[in-house]
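Contents: one structure, followed by commentary.
So you know, we letter chains A, B, ... as the sequences are listed, proteins then strands, and number each from 1.
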2 protein chains.
Amino acid sequence: MAAKSEQTRQLVADVALKLFREIGFEKTTMRAIAQEAGVSVGNAYYYFASKDELVQELYIQVQDEHAVVAAQALENVQDLAGRLKAVLHTGIDVMTPYHQFGSDFIATAIRPTSPVNPFGEASTAARDASLAIFRSAVEGSSPSVAKKLRDDLPELLWLAYMGVALYWVYDKSEGQRRTRRLIDGAAPLMARGLSLAKIPGVSKVFDDVLGLVRSVKEDPK
Amino acid sequence: MAAKSEQTRQLVADVALKLFREIGFEKTTMRAIAQEAGVSVGNAYYYFASKDELVQELYIQVQDEHAVVAAQALENVQDLAGRLKAVLHTGIDVMTPYHQFGSDFIATAIRPTSPVNPFGEASTAARDASLAIFRSAVEGSSPSVAKKLRDDLPELLWLAYMGVALYWVYDKSEGQRRTRRLIDGAAPLMARGLSLAKIPGVSKVFDDVLGLVRSVKEDPK
DNA sequence: ACCCCGTTTTGAACACGTTCAAGAAAGTGC
DNA sequence: GCACTTTCTTGAACGTGTTCAAAACGGGGT
C-alpha cells in the first residue's frame, strides 16, 4: 500500500509546518517533529533528506496558496497598479503566519545549495508558478503594457517581489503595516514609471535597461 | 600587559579568516580554528561569542579595505558613471578572495539577530563607512547630481550595491566576469537614468519615488 | 506455512556550535 | 614575598542536524 507511506510523509510535513508556525524555525528540532509525529528521527529523514527540505515543503505550499488567492484577487481589477497591489498583498497575506520565521527561511533559501533557493534548480517549479502569477497580472491589465516590456516585466516584478518580501521580513511594525504601505506606494509608482517608456528620451534608457537585463540573466554559462 | 590578550585575539581572528579563505565557511570549524591557532575551543569563545562574530571581523576588514581602495580609484574620475563603476568594481575586488564563502556570509548576514546584518544595529559603523564611500562618489562627481537627489542617492546606491553583491555571490562565471559586465552596463545606465530627472513628466515620478523611499526608511517605529 | 526481498522504521552514534565550572596566569596592594 | 582579585585558558558536556547499520514490516511466490 503506497498510501501508508505517503501518509507518514504527510504527517511529518504537517507536524513540521505546524511547529514552524507555533514555535519558530530554530526551536522546531527534528527530534521535536519526530516526537510530535510519533515516529523516530531517522524515519523523518527517510522522507526528508534535511530540515531544509521541510522548508521547501512550506515554500511550495505557500506558493500554491498564493496562486489561488492572487488569481481570485485579480478578477475584478483592470489597471496595472491595482493588479500589482493585488498580487503583492496576497503574497504577503499567505506568508503572514510564518512571519517570525521569515528570516530563518530567507537565510536558508539564500544558500545556492538549498532546495528552497528561489534562483536555484530545485525550485524551478515553484518559481515558474510564481512567475506565472506576475505574467497574468501584466497580461490581463488594461490599458495594456507596452509590447516591448511585456516579456521581461514579469521577471522584473518577481524580483521586486523578492525585495518586498525581504523588506517584510525585517518589518517589525504592527501587522507589518509598513510593508503594506510600501506596496500601496510602490505599485502605482511602478505602473506610472512604466508609462514613461513612451517618452522619446526615456525610451532609449528603457531599451538599454532591458538589454542589460537580458544579457545578465542566468543563461547557459 | 593588554597586548598579550590582544595578541591572542588577533591570532584567532587571523587564523579564522585564513581558514575561511582556504577551506570555506562550513569546513572551518571552531575546533579547527582553535587547533590551528594552538588554543582551546573555549578560549576562542572568550574573544568571539560566536562563529558569526568572526564573520563580522571579516566584514569589517573587507569594508575598511574597500574604503581605501575606492578612495584611490575615485581620484581621477569625474563623471558619475565612472565613479560608480570605480566604487562597485573595487567593492567586488576586495570580496573576491572570499567568493566561495559568499553565500554562507550572506546567509549569516541576513538574520536580523546577526552582528553582521547590514541593516542591523551592530554594524552601524560598517554601514556608515560604506555609505560614506557612495556619498563621496556622488558628491565628487561632475557634472553634479541634481540637488534633490543628492541626499538620498547614496543610500539607494548602497542598496543597489547589496544587489550587485548578491548577484556576485551567485555568479559562477569564470572570475565572476558576468558581475563585472553587470557593473559596466548598469553604472552608465543609472547615471543616464538620473539625468532624466530633469524632464518635466519624469520629474514628478522621481519626486514620488523619493517620497516613498523616505517614508519607508527604517525610522523610529 | 515458509522464505524472500524491497520498503519502512528504529535508535545509537557522529561532528558541529556553544556553554560553563574550574583552574592557571597575571596583576595589585601591602 | 604573600594574599587577593581580575583576566585568561582549559576541556568536558549539552543539544543540535544528520548518518547508518540493523531490525521490523509487508506482500508475492512456492
Nearest-Å distance, CG (B:N43) to P (C:dC20)? 17 Å
Quickly work out the B:E53 CD to C:dT19 P distance and round it to whole Å. 11 Å
Using whole Å, report how far CZ of A:F48 lies from C1' of D:dT19. 18 Å
Taking atom P of D:dG26 as reference, at what distance in whole Å does atom CD of A:Q7 sit? 13 Å
Between CD of B:Q35 and P of C:dC16 the distance, given in whole Å, is 11 Å
Whole-Å gap separating C1' (D:dG15) and NZ (A:K51): 12 Å
Think B:K51 forms a cation-pi with B:F25, using NZ or CZ under 6.0 Å from the six-ring centre and within 45 degrees of its axis? yes
So does B:Y46 get a side-chain nitrogen or oxygen closer than 4.0 Å to the phosphate oxygens (OP1/OP2) of D:dT9? no
Rounded distance (Å) that lies between atom P of D:dT16 and atom CZ of A:F25: 13 Å
Mind calculating the distance between OH (A:Y47) and P (C:dT7) to the nearest angstrom? 12 Å
From the candidates C:dT10, D:dG11, C:dG17, the one with an atom nearest any side-chain atom of B:Y45 is C:dG17
Under 4.0 Å between a side-chain N/O of A:T8 and OP1 or OP2 of C:dT9, yes or no? yes
Is there a donor-acceptor pair under 3.5 Å between the side chain of B:S123 and the backbone N or O of B:R127? no
Nearest heavy atom decides the nucleotide; on that basis, is B:G42 or A:E26 closer to the 5' end of DNA chain D? B:G42
Between A:D151 and A:R135, is there a salt bridge with N-O shorter than 4.0 Å? no
Using a cut-off of 4.0 Å on non-hydrogen atoms, how would the nucleic acid contact of A:V41 be classed: base, sugar-phosphate, or nothing? base
Can you tell me if B:T28 uses its side chain to pair, donor with acceptor, with the backbone of B:L19 under 3.5 Å? yes
Relative to the ring of B:F105, is the ring of B:Y59 parallel (under 30°), tilted (30 to 60°) or perpendicular (over 60°)? tilted
Does any N or O donor sit under 3.5 Å from an N or O acceptor when you compare the side chain of A:R31 with the base of D:dG15? no
